[in-house]
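Comments concern the structure below.
Below, chains carry the letters A, B, ... as their sequence lines are ordered, and counting in each starts from 1. It should be emphasised that the depicted structure is a prediction, and the values quoted were computed from it without experimental measurement. Both backbone and side-chain heavy atoms feed into the values below; hydrogens, waters and symmetry mates do not.
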There are 2 protein chains.
Amino acid sequence: MKSYNQSCPVARALDVFGDRWTLLVLRELLIQGPSRYTDLARGLPGIATSVLADRLRQLEESGLIRRELAPPPIATTLFHLTEEGRAVEPILVTLGRWGAEHLDKPGPDAEVQFHWFPFAASLYLHGHAPEGLPVVIQLETPVGSAVIDVNVEGVRTHIGTTTSPDLTIRGAPENVIEFLSSKTSPAESRSGVTVEGDVAILADFPYLVAS
Amino acid sequence: MKSYNQSCPVARALDVFGDRWTLLVLRELLIQGPSRYTDLARGLPGIATSVLADRLRQLEESGLIRRELAPPPIATTLFHLTEEGRAVEPILVTLGRWGAEHLDKPGPDAEVQFHWFPFAASLYLHGHAPEGLPVVIQLETPVGSAVIDVNVEGVRTHIGTTTSPDLTIRGAPENVIEFLSSKTSPAESRSGVTVEGDVAILADFPYLVAS
DNA sequence: CGGCATCCTCTTTGATACTG
DNA sequence: CAGTATCAAAGAGGATGCCG
């Protein structure tokens with residue numbers, strides 16, 4: 001892309017990742033960790049392969065990612081974030097929080113990929129941590145499970161299961177998100193989710209009780 | 001722009017302002033406040049007038065800005081941010097902080113506009129507030145002056161002068177920025193700036209003392 | 001003047017096909 | 001698997017014209 005050529009830090013940051021797809025490539029690397037080319041392509045439905053190759057080249061030149069030739073028996077190139085690349089996480093989080101708070105829910109034709117789910121869920125919870133720290137919430141969907149871990153450090157989510165969650169929320173991914181994002185008072189079961197465990201915990205999420 | 005059509009909040013936020021120039025239009029409205037078309041064009045050197053008109057239309061449709069027909073004798077349309085539009089400030093700040101922290105200083109041919117200066121300065125100071133609150137720092141350049149106001153609320157900057165600053169920093173805008181962004185220990189005078197007042201204050205800015 | 005719309009050229013994308 | 005090649009369509013940049 002042509003540089004804005006402005007001395008403003010915002011414009012100069014946009015010179016680096018203002019291109020279409022660039023921030024989403026970084027999102028994939030942040031969520032998936034070191035990834036192969038085809039894994040990235042899969043996580044970015046609709047991207048032209050030439051565009052992906054171009055963005056990876058630019059990001060490497062900017063020092064945000066590095067490519068590594070994995071040793072045998074893997075024998076493939078892995079793209080991974082550098083320290084500077086990992087520093088874009090706050091940008092993705094701030095963007096995502098805006099989207100989570102200010103946009104209506106996506107249309108029914110929107111692409112859904114499970115590996116986005118824990119990250120998306122964390123965006124709805126970011127902001128204030130519950131009072132009774134620490135809290136572990138298990139999310140279970142037909143296509144996979146994730147864990148929300150809340151402690152004084154903040155909110156962290158990851159794919160997988162935990163042995164003794166304080167609370168379990170079950171439902172289709174979009175319904176779980178809908179439930180977590182709901183600003184109305186939580187009920188035990190609504191819009192396709194069921195909740196099991198210490199339901200009172202939910203009252204500790206200011207995001208769930210009041211905006 | 002074509003929608004990414006992904007259920008991820010990041011992608012959906014980018015559907016709204018991922019277009020070239022869009023975030024910079026919002027930056028201008030945030031910095032300048034309600035603005036006329038030509039004021040925006042002036043603050044966005046290089047933008048094609050058709051592109052500006054298009055972005056303003058999109059932003060209005062997305063509900064981020066509104067146009068207001070100012071009453072006589074002004075008799076011009078003013079574009080201003082809505083509540084939702086003002087909510088993009090954290091995005092611009094996060095982007096700008098990344099740029100401030102991770103990019104080299106801009107080349108000598110980069111466009112400089114004074115009204116960006118206080119905002120840019122605040123990006124370098126964001127993060128930690130000094131111990132001895134509140135602090136008022138006056139910045140003076142040949143092309144204008146600005147005030148940095150630090151209190152428990154955070155760091156705020158605006159164009160103008162104050163009567164009794166704790167500290168005054170004088171120099172060309174880029175040198176003042178360079179001085180504020182310097183991670184090395186501050187000296188009383190270096191690289192084209194002079195400092196007057198309670199120099200010890202600078203030691204309270206963690207950003208100025210150590211990254 | 002202020003707020004665009006039009007026309008033109010150039011660059012970027014999206015889609016598909018193909019290759020070491 | 002990790003791209004490159006090709007080509008049509010969309011978008012950006014620049015100049016100019018128009019209308020209250």
Side-chain angles (χ1 to χ4, degrees), chain A residues 1-6 11 14-25 28-29 32-62 65-80 109 111, chain B residues 1-6 11 14-25 28-29 32-62 65-80 109 111:
Chain A
M1 190 178 48
K2 197 182 158 191
S3 165
Y4 291 111
N5 198 33
Q6 299 181 3
L14 290 173
D15 282 339
V16 175
F17 35 60
D19 270 330
R20 186 160 166 79
W21 292 110
T22 302
L23 276 169
L24 295 186
V25 171
E28 288 303 307
L29 289 169
Q32 299 199 28
S35 311
R36 292 175 302 178
Y37 187 91
T38 27
D39 294 334
L40 292 174
R42 237 193 305 278
L44 300 166
I47 196 172
T49 145
S50 53
V51 172
L52 177 54
D54 179 69
R55 294 302 179 271
L56 289 170
R57 226 175 290 124
Q58 288 177 230
L59 285 170
E60 196 179 11
E61 276 174 28
S62 309
I65 70 171
R66 213 167 291 155
R67 71 184 71 206
E68 195 178 349
L69 292 152
I74 308 181
T76 184
T77 59
L78 286 179
F79 298 88
H80 62 95
D109 56 333
E111 188 94 20
Chain B
M1 191 177 46
K2 197 181 159 191
S3 164
Y4 290 112
N5 198 33
Q6 298 182 2
L14 290 173
D15 282 339
V16 175
F17 34 60
D19 269 331
R20 185 160 166 78
W21 292 110
T22 301
L23 277 169
L24 295 186
V25 171
E28 287 302 307
L29 288 169
Q32 298 200 28
S35 310
R36 293 175 300 177
Y37 187 90
T38 26
D39 293 334
L40 292 173
R42 239 192 304 280
L44 299 166
I47 197 173
T49 142
S50 55
V51 172
L52 177 54
D54 180 69
R55 295 301 180 271
L56 290 170
R57 226 176 291 125
Q58 289 177 228
L59 286 171
E60 196 180 10
E61 277 174 29
S62 307
I65 69 172
R66 212 167 293 155
R67 72 183 70 206
E68 196 178 349
L69 293 152
I74 308 180
T76 185
T77 59
L78 286 179
F79 299 89
H80 62 95
D109 56 334
E111 188 94 20

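In this structure, CZ on B:Arg42 lies 11.0 Å from CD on B:Glu28, to the nearest 0.5 angstrom. With values rounded to the nearest 0.5 angstrom, A:Ile65 atom CD1 is found 11.0 Å from A:Arg57 atom CZ. To the nearest 0.5 Å, the span separating CH2 on A:Trp21 from CG on B:Leu14 amounts to 10.5 Å. Here CG of A:Leu44 is found 6.5 Å from CD of B:Gln6. Values are rounded to the nearest 0.5 Å.
Proximity of a side-chain donor or acceptor of A:Tyr37 to a complementary backbone N or O of A:Thr49 within less than 3.5 Å is detected. Under a 3.5 Å cut-off, the side chain of B:Arg55 and the backbone N or O of B:Arg20 do form a donor-acceptor pair.
Scanning DNA chain D 5' to 3' for nucleotides with an atom closer than 4.0 angstrom to a non-hydrogen atom of chain A gives a first and last hit of D:dC1 to D:dG14.
B:Leu78 has its CG atom 12 Å from the P atom of C:dG2, to the nearest Å. One interatomic measurement links the two molecules: OH of A:Tyr37 to P of C:dG20, which rounds to 17 Å at whole-angstrom precision.
For the contact set between residues 48-59 of chain B and DNA chain C, defined by any heavy atom under 4.0 Å, the members are B:Thr49, B:Ser50, B:Ala53, B:Arg57. Scanning residues 15-23 of chain B for heavy-atom distances under 4.0 Å to DNA chain C yields an empty list.
The two residues A:Leu23 and A:Phe17 have their closest heavy-atom pair at CG-O, 3.7 Å. Here the closest heavy-atom approach between residue B:Asp15 and residue B:Tyr4 is recorded as OD1-N, 2.8 Å. Minimum interatomic distance between B:Asn5 and B:Ser3 (heavy atoms only, all atoms of both residues): N-OG, 2.8 Å.
Looking at residues two or more places apart in sequence or on another chain, you find no side chain to side chain donor-acceptor pair (under 3.5 Å) involving B:Glu111. A:Arg67 meets the side chain to side chain donor-acceptor pair (under 3.5 Å) test with A:Glu60; sequence neighbours excluded.
For the pair A:Arg42 and A:Tyr4, both in contact range of DNA chain D, the more 5′-proximal nearest nucleotide belongs to A:Arg42. Sequence order on DNA chain C of the closest nucleotides to A:Ile47 and B:Thr77 puts B:Thr77 first from the 5' end.
Terminal axes of the helix from C:dC1-D:dG20 to C:dG20-D:dC1 (five pairs each, C1' rotation axis) are separated by 30°, to the nearest 10°.
Inter-residue side-chain proximity for A:Leu40 and A:Leu29 is flagged as met; some heavy-atom pair is nearer than 4.5 Å.
Looking at heavy-atom distances under 4.0 Å, B:Arg67 makes contact with sugar-phosphate atoms alone, never a base.
Side chains of A:Asp19 and A:Gln58: a donor on one and an acceptor on the other come within 3.5 Å.
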